Enquirer: 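If you scroll down you'll find the structure; I have some questions about it.
We name chains A, B, ... by the order of the sequence lines, and we start the count at 1 in each one. Everything numeric here is computed off the predicted structure, so don't read it as measured data.
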There are 2 protein chains.
Amino acid sequence: MNDTILRKKKLRVTPFRKEVLKVFLKNDHAISMQDIENELGDFDRITLYRTIKSFINKGVIHEIVMPGDIRKMALCDQVCDHDSGLHDHNHIHFQCKKCEEVFCVEIDKIPEIKIPGFQIEEQEIQAKGICEKCSGS
Amino acid sequence: MNDTILRKKKLRVTPFRKEVLKVFLKNDHAISMQDIENELGDFDRITLYRTIKSFINKGVIHEIVMPGDIRKMALCDQVCDHDSGLHDHNHIHFQCKKCEEVFCVEIDKIPEIKIPGFQIEEQEIQAKGICEKCSGS
DNA sequence: TTCATAGATGCAATATTGTTGCATTTGTAT
DNA sequence: ATACAAATGCAACAATATTGCATCTATGAA
């Protein structure tokens, strides 16, 4: 139930937030602002912006940015239930060159990068290629 | 000389382009659209957008996007002298949490990621932490 | 169950960012 | 020196995002 998700993240359960969350839940890939707007029937754009912002801050969803002005969002794992606005993810972001969708893909272990002189605290990997579904066809 | 860079990438050498290129050359870190606008005295914004677009297409600069609506650009290595619009880079993108600058940092070898079912063709690594300069202070 | 209140919503107005079409100017190859 | 494709600059516009404020509502406490 999406009520549970919201409550867990200390967000008030409102009809609008449930609607927005539903859009995320029914997609297995990352979605854009446009996608959400298209899926919501009637809505107030300002409220949507604010909803998205609080979802990100509370760790309900996370932002994915990729070259080419691609800005999408996807649900967070259970892991990130913190109020800090920081997100920990054990996955990489993958964009399919065929269907153009962006997915969060779990991987066993994120390789550690080391750079002399730099202290790396977080890292994120973005990849492009052909996704599972498009490989088959 | 920045004339050489432009000619090598098959771009006409115009005063404006030289100005923009100069801004990139004098920074050792990635810069934003805002940064460029601030450094250029008097300019036409539309021309700037178009200039940036052709610089990216011809491989003079590359785009760097990071979570938090960060969109910056930096000069490409000599390597990417192709007209395809694709860029090959042997570096990762690093953002310092202290000075907030974004750097292109060369690393020895980019680790290979493998995901069952997915064909990875390109990948990019983004990291956050403390940069060389800020570590010292 | 009712009530008070912090938080969420919706509207208006506005800011920021990026694009398109078109006339004019300019860099470059001949 | 010249012709022409490419670049520029202007006007108009489109898309995206933000702020302030009045109103409404979800939630915890009485």
Side-chain angles (χ1 to χ4, degrees), chain A residues 1-24 30-73 83 85, chain B residues 1-24 30-73 83 85:
Chain A
M1 210 58 212
N2 30 19
D3 289 27
T4 323
I5 297 178
L6 293 173
R7 268 186 238 283
K8 239 197 285 187
K9 308 288 171 137
K10 285 170 189 161
L11 282 166
R12 283 197 183 173
V13 180
T14 68
F16 187 74
R17 285 179 175 170
K18 290 206 277 186
E19 279 306 305
V20 175
L21 195 49
K22 207 188 289 177
V23 177
F24 280 99
I31 54 180
S32 68
M33 212 58 178
Q34 258 305 322
D35 294 333
I36 301 171
E37 294 192 14
N38 293 341
E39 298 219 36
L40 293 173
D42 186 31
F43 70 101
D44 178 66
R45 191 201 281 265
I46 294 112
T47 307
L48 178 57
Y49 282 124
R50 286 194 271 228
T51 302
I52 292 298
K53 213 167 253 182
S54 45
F55 276 15
I56 293 175
N57 289 338
K58 298 295 174 118
V60 179
I61 60 174
H62 63 282
E63 231 186 325
I64 303 168
V65 284
M66 291 204 149
D69 275 318
I70 293 164
R71 184 173 168 252
K72 304 211 174 195
M73 291 150 291
D83 295 60
Chain B
M1 208 60 212
N2 29 20
D3 289 27
T4 324
I5 298 178
L6 292 174
R7 269 186 238 283
K8 237 196 286 186
K9 308 288 171 137
K10 285 170 189 162
L11 281 167
R12 284 195 182 176
V13 180
T14 69
F16 187 74
R17 284 178 176 173
K18 289 208 276 187
E19 280 305 306
V20 176
L21 195 50
K22 207 189 290 175
V23 177
F24 279 100
I31 54 181
S32 67
M33 211 61 179
Q34 259 305 323
D35 294 333
I36 302 171
E37 295 192 12
N38 293 341
E39 298 219 35
L40 294 173
D42 186 30
F43 70 100
D44 179 65
R45 216 151 52 89
I46 293 112
T47 307
L48 178 56
Y49 281 122
R50 286 194 271 227
T51 301
I52 292 299
K53 214 168 253 184
S54 45
F55 277 16
I56 292 175
N57 289 338
K58 297 295 174 121
V60 179
I61 60 174
H62 64 282
E63 230 187 326
I64 303 168
V65 285
M66 290 207 153
D69 273 318
I70 294 163
R71 183 172 170 254
K72 304 209 173 196
M73 291 151 291
D83 296 60

Enquirer: So if I take the C1' atoms of five pairs at each end of the helix from C/dT1-D/dA30 to C/dT30-D/dA1 and get each local axis, what angle do the two axes make, rounded to 10 degrees?
Expert: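 Computed angle between terminal axes is 50°.
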Enquirer: Starting at CD1 of B/Ile46 and ending at P of D/dA14, how long is that distance when rounded to a whole Å?
Expert: 15 Å
Enquirer: Can you see if the side chain of B/Arg50 gets near the phosphate of D/dA6 - specifically, an N or O under 4.0 Å from OP1 or OP2?
Expert: no
Enquirer: Give the rounded distance in Å between these two atoms: NZ of A/Lys18 and C1' of D/dA26.
Expert: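 These atoms are roughly 11 Å apart.
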Enquirer: May I ask you to decide if A/Asp69's main-chain N or O and B/Arg71's side chain share a donor-acceptor pair within less than 3.5 Å?
Expert: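 Here the side-chain-to-backbone pair does not exist.
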Enquirer: Would you call B/Phe16 and B/Leu40 a side-chain contact if the rule is heavy atoms closer than 4.5 Å?
Expert: yes
Enquirer: Looking at side-chain heavy atoms only, is the closest gap between B/Leu11 and B/Phe55 below 4.5 Å?
Expert: yes
Enquirer: Quick check against the 3.5 Å criterion: does A/Asn57 have a side-chain atom that pairs as donor or acceptor with the backbone of A/Ser54?
Expert: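 Between the backbone of A/Ser54 and the side chain of A/Asn57 there is no qualifying donor-acceptor contact (under 3.5 Å).
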Enquirer: Which sits closer to the 5' end of DNA chain C, B/Arg7 or B/Arg71, going by the nucleotide each is nearest to?
Expert: B/Arg71
Enquirer: Using the salt bridge (Lys or Arg N to Asp or Glu O under 4.0 Å) rule, collect all pairs that involve residues 45-55 of chain B, keeping only residues at least two apart or in two chains.
Expert: none
Enquirer: With the side chain of B/Leu11 defined as its heavy atoms from C-beta on, choose the nearest nucleotide among D/dA7, D/dC10, D/dT27.
Expert: D/dA7
Enquirer: Taking the nucleotide of DNA chain D with the nearest heavy atom to each, does B/Asp69 or B/Ser54 sit closer to the 5' end?
Expert: B/Ser54
Enquirer: How long is the line joining CZ of B/Arg45 and C1' of D/dT8, in whole Å?
Expert: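 Interatomic distance, CZ of B/Arg45 to C1' of D/dT8: 16 Å.
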Enquirer: Would you say the side-chain atoms of B/Lys9 pair up with the backbone N or O of B/Gly59, donor to acceptor, closer than 3.5 Å?
Expert: yes
Enquirer: Could you check whether any side-chain heavy atom of B/Ile36 comes within less than 4.5 Å of a side-chain heavy atom of B/Ile52, counting everything from C-beta outward?
Expert: yes
Enquirer: Any non-hydrogen side-chain atom of B/Glu19 less than 4.5 Å from a side-chain atom of B/Glu39?
Expert: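 Not touching, per the 4.5 Å side-chain cut-off.
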Enquirer: Taking atom P of D/dA6 as reference, at what distance in whole Å does atom CZ of B/Arg17 sit?
Expert: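 So the two atoms are 11 Å apart, to the nearest Å.
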Enquirer: Respond yes when some side-chain nitrogen or oxygen of B/Thr14 is under 4.0 Å from OP1 or OP2 of D/dT8, and no when none is.
Expert: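 It does, given that an N or O in the side chain of B/Thr14 lies less than 4.0 Å from OP1 or OP2 of D/dT8.
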Enquirer: Where does the chain A footprint on DNA chain C start and end, counting 5' to 3' with a 4.0 Å heavy-atom cut-off?
Expert: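 Nucleotide range in contact with chain A: C/dA6 to C/dA12.
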Enquirer: Whole Å only: how far is the CG atom of A/Asn38 from the C1' atom of D/dA15?
Expert: 14 Å
Enquirer: Rounding to an integer number of Å, can you tell me how far B/Asp44 CG sits from D/dA11 C1'?
Expert: 11 Å
Enquirer: Rounding to a whole Å, what distance do you find between A/Phe16:CZ and D/dA26:P?
Expert: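 So the two atoms are 14 Å apart, to the nearest Å.
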